[in-house]
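Just so it is clear: chains get the letters A, B, ... in the order the sequence lines come, proteins before strands, and each one is counted from 1. Bear in mind that the values here come from a model prediction, so they are computed numbers and not experimental data.
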Amino acid sequence: MKINFWLLDIGYEVVEDSPEIRLWGFDGNGNRILIIDQNLTPYFYLTPKEGNIESLYDQITMLKGELPYIVGHYIVEKKIFGKPIKAIKVECKNPDDLPKYANYLKKTLNAGSSFEDDIRFSMRYLIDKEVNPCSWMEFEVEEIKNKNFKVDQIYLAKSNPKKLDRFDLPKLRILSFDTVVYGVKGTSKAAQDPVLIISAIDNNGVKNQFISENKDDEMLIKKFRNFVNEVDPDILVSYEVNQVHLPYLISRAERQGIVFSINRDGGIPHRSVYGHISVTGRANLDIYDFYDEFTQVKVKSLENIAQSLGLLKTEESVFIDDFDIPSFWDIEENRHHLLRFSETRAQMILHISQTILENAIQLSTLVGLPLDHIGTAATGFKVEWYLMRHAHRIGELFPNRLEHPYYTYEGGLVLPPKPGIHNNVIVLDFKSMYPNIMISKNISPDTVIQPGEPEPPEGVWEAPKGKYRFRRAPSGFYKEVLTDLIKRRSEVSKKMRELKEGSFEYRILDAQQRAIKLITNATYGYAGWLGARWYSKEVAEATAAWGRETIQNTIEFAEAIGLEVIYSDTDSIFVVYDQAKIEELLEGVKNKLGLEIKPETIYRSILFTEAKKRYCGLLPDGRLDIVGLEVIRGDWADVSKKVQEDVLGIVLRERDIKKAVEIVKKHLSELRERKTPYKDLIIWKTLTKPIEKYKVRAAHVQAALMLEEAGWSLSIGDKVGYVITLKGSKMYEKAKPYNLASWDEIDVDYYVENQIKPAALRILEQFNITSEELN
DNA sequence: TTGCAGTGAGACGCA
DNA sequence: TTTGCGTCTCACTGCAAC
């Protein structure tokens, strides 16, 4: 029989010596189903050291008796960096041992290289069968019974999947949960600290709260496990679920001999690639992994993200810090606050997940990674999986990751700005400059002409300063991929224009075009990444060089026709508005450079200091567009950021320097009178390496040490919040974690001289205001 | 010992 | 575990002056 199928999760098992792919998802009627596909044999490729493919083939034939795990081998025509080569496809029984087999054959047979032995079998399946997760396909299947999986139906695949033109989403059951753990000193430890509360809520309004009895969490964990299985969510979501909640629950369960079986195959969640925790048959999403979607939130916490999305109502904002949990739990009449707090968190997680999910699903479909890997896979890998799919279609072998020497090259061009306030300034942007350059110059690892190599008959594109050459034809790997991406994005945008903004289809397409844009724009960076399979310094460097040349020419042209250029950074120029001349510029750039430049923002006025990459513009609707300045930096105390924002507002909207000075003074006297909220004094900084690796003593590292002493365990990527106290003279001596200090210890002078004044003067110095005038 | 100029580490943001 | 460009603060070093 034929069925429609929407893929949610993929895995594989080796059953009785032969591998099977397990596809978890939905049929066309909304049933949760499992399709088992046994129609793929694991394999890798082998190439001979010197040209003689037949002899390598024969050697393998002769070895076959000794190597029962090799089930087949064939000579195939492939390409590597565009060059045709012959390779041997070696098929094996067990997918987990491919690298081992490949190495053995390389050693014994003195073969040259192996390829694709490091591709996980489930990814192999997705690529080879051209299956995209989170999308619809058609399968010829046969129903099977007698397998103990938590699904409505189980089928055996009888055909290869066929892509369907169907874009709706099945009705996904999303379960959000939050755990509260008891811990007297610092970070909770599974060995001693019990789980107090688990709050769970699904997108149908089903909710439950599990509470420990006298800090015994055995029943709580069992009940939660049963609840998950009962609700049977397709998507499990929480905040820090991969690093904190699930590992903790698993570890607590293990200690008490509870089988924490919440997987659809009856198993226990396990750690998988990219540090993510896999719950077989479901997609486990961690809001924490979708950091980049909330760049405006500087200190990433669930509450801050919720607030930025307008999900946090003031009456709900009972916020309880980790270190306050015991006091709320131990005092019976306060306990309801804790219960309410946890429930609110579960609700916030559910809300946030719905905004994330649309983008994640489209990204998953586009790059071909399963939904639960989308958050955890770094950008470079997302690009790479996308490229690998394309490579497979055109018979290109996936290059192995090689060691490359560290190499830097010149990047984008940044012009020093003209300081002061300018009126009516327009920003002109090159749209996707790097991808378009890569297309127009056919820049790709497989089109590079090596030095000394003769020019091909089709001719070459020569990068600025004659550094690199790229053949004009045929089209290279990157050009094909990027052309296709750009074409797809413009098709999606075209469809969107016919739809009502905010409609379901519109939102899906919007998420789609965002996914495409992400991959398109990351391709240049990918090419310059040392870890990339398709790394090419020629590609990265030449693209940047042509980029500089492009913007340079644009600036010169703008100035030649009498436009005043205020500033320029990489692919944008800021000019004083003059309609006729701007039209001339757009036309000229299009004709001369073959690239499109588009008017972007118009500022009523804009303020620059001498510094590059920092400015503040006043938008037509009266909002401030602040770029690079302290206001939008996460490593300044809120009090300084507020002062600077106030100053910018007055300076740009009212042009009243005196008033701006007064407002600074007002903030300073509030601080001196200790009226400034304590939390506005906290400075947050990230630990970017293990504490012992730091070469100089820094304030946030010292604060981190104090936290560790007090029982917290910190890891790379954690933000440390500290305040500057009166004790000591060096900054690192004066710093103290904010939760271990209080207002009385604050060094007011530091906040005056090193926080508020510098932030305010950054702007006011432009108007000759000195530090003394702020006293 | 103090002051200070120069250098580098470290964090974060822009395109 | 996408790139380079850039700002800014503070620690550290070495040297001169006290």
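In this structure, A/K689 reaches the sugar-phosphate backbone alone: every heavy-atom distance under 4.0 Å involves primed, P, OP1 or OP2 atoms, never a base. No contact: A/G531 has no heavy atom under 4.0 Å from any strand. Residue A/V696 is classed as a sugar-phosphate contact, given heavy-atom separations below 4.0 Å to backbone atoms only. Counting non-hydrogen atoms under 4.0 angstrom, A/K298 reaches the backbone sugars and phosphates but no base. Backbone-only engagement by A/G411 is indicated by non-hydrogen atom pairs under 4.0 Å involving sugar-phosphate atoms exclusively. Counting non-hydrogen atoms under 4.0 angstrom, A/A698 reaches nothing in the nucleic acid. Note on A/I632: only backbone sugar-phosphate atoms sit closer than 4.0 angstrom, heavy atoms only; bases stay farther off. Within the 4.0 angstrom heavy-atom criterion, only backbone atoms of the sugar-phosphate kind lie near A/T408; the bases stay farther away. Using a 4.0 Å heavy-atom cutoff across all strands shown, A/N754 reaches sugar-phosphate atoms only and no base atom. Residue A/K537 is out of contact with every strand shown, counting any heavy-atom pair closer than 4.0 Å. At the heavy-atom level, A/Y407 lies under 4.0 Å from the strands shown only through sugar-phosphate atoms. A/K695 comes within 4.0 angstrom of the backbone, heavy atoms only, and of no base.
What separates CD of A/E733 from C1' of C/dA11 is a distance of 11 Å, to the nearest Å. The NZ-P distance, from A/K730 to B/dA9, rounds to 17 Å in whole Å. Taking atom CD1 on A/I683 and atom P on C/dC8, their separation rounds to 17 Å, with Å as the unit. The OH-C1' distance, from A/Y524 to C/dT2, rounds to 9 Å in whole Å. Remark: C1' of B/dA11 and NZ of A/K693 are 18 Å apart, rounded to the nearest angstrom. Rounded to an integer number of Å, the gap from CG of A/D292 to C1' of B/dC12 is 15 Å. Atom CZ of A/F608 and atom C1' of C/dG6 are 14 Å apart (whole Å). Taking atom CD1 on A/I626 and atom P on B/dC14, their separation rounds to 11 Å, with Å as the unit.
For the atom pair CG of A/L593 and CG of A/N553, the computed distance is 5.5 Å after rounding to the nearest 0.5 Å.
Contact between the side-chain N/O atoms of A/Y615 and the OP1/OP2 oxygens of B/dG13 is not found at any separation under 4.0 Å. Regarding contacts with the backbone of B/dA11, a side-chain N or O of A/H700 is found under 4.0 angstrom from either OP1 or OP2. Phosphate contact (OP1/OP2 of C/dC8, side-chain N/O of A/R614, threshold under 4.0 Å): present. Considering only side-chain N and O atoms, A/Y694 lies nowhere under 4.0 angstrom from the phosphate OP1 or OP2 of C/dC10. Within the structure, every side-chain polar atom (N or O) of A/T379 is placed at least 4.0 Å from both OP1 and OP2 of C/dT1. For C/dT9, the OP1/OP2 oxygens have a side-chain nitrogen or oxygen of A/R762 closer than 4.0 Å.
Ring geometry for A/F477 versus A/H390: interplanar angle of 30 to 60°, hence tilted. The aromatic rings of A/F608 and A/Y615 lie tilted to each other, with the angle between the two planes from 30° to 60°.
Candidate nucleotides C/dA11, B/dC14, C/dT9 were compared by shortest atom distance to the side chain of A/D569, and B/dC14 ranks first. With distances taken from any side-chain atom of A/F381 to the nucleotides B/dA11, C/dC10, C/dT1, the minimum falls on C/dT1. Checking C/dT7, C/dT9, C/dG6 against every side-chain atom of A/V414, the shortest atom distance belongs to C/dG6. Listed candidates were C/dC12, B/dA11, C/dT1. Nearest to the side chain of A/W529 is C/dT1. Distances were taken from every side-chain heavy atom of A/V627 (C-beta onward) to each of C/dG4, C/dT1, B/dC14; the shortest belongs to B/dC14. Here the nucleotide nearest the side chain of A/A611, chosen from C/dT7, B/dC12, C/dT9, is C/dT7. Of the candidates C/dC12, C/dC10, B/dC12, C/dC10 carries the atom nearest the A/Y750 side chain, counting heavy atoms from C-beta on. Closest approach to the A/R633 side chain among C/dT1, C/dA11, C/dG6 is made by C/dG6 (side chain taken as heavy atoms from C-beta onward). When distances run from any side-chain atom of A/Y409 to the nucleotides C/dA11, C/dT7, C/dT3, the shortest one goes to C/dT3. With C/dA11, C/dT7, C/dC10 as the candidates, the nucleotide lying closest to the side chain of A/K612 is C/dT7.
The base-pairing partner of C/dT2, taking Watson-Crick or G-U wobble contacts with both distances under 3.5 Å, does not exist among the strands shown.
A/V664 approaches A/V647 most closely through the heavy-atom pair CG2-CG2, 3.5 Å.
The aromatic ring centres of A/F294 and A/Y291 sit 6.0 Å or more apart. Residues A/Y524 and A/W529 keep their aromatic ring centres 6.0 Å or farther apart.
A donor-acceptor contact under 3.5 angstrom links the side chains of A/D625 and A/Y603, judged on distance only. Neither side chain, A/K479 nor A/S444, offers a donor N or O lying under 3.5 Å from an acceptor on the other.
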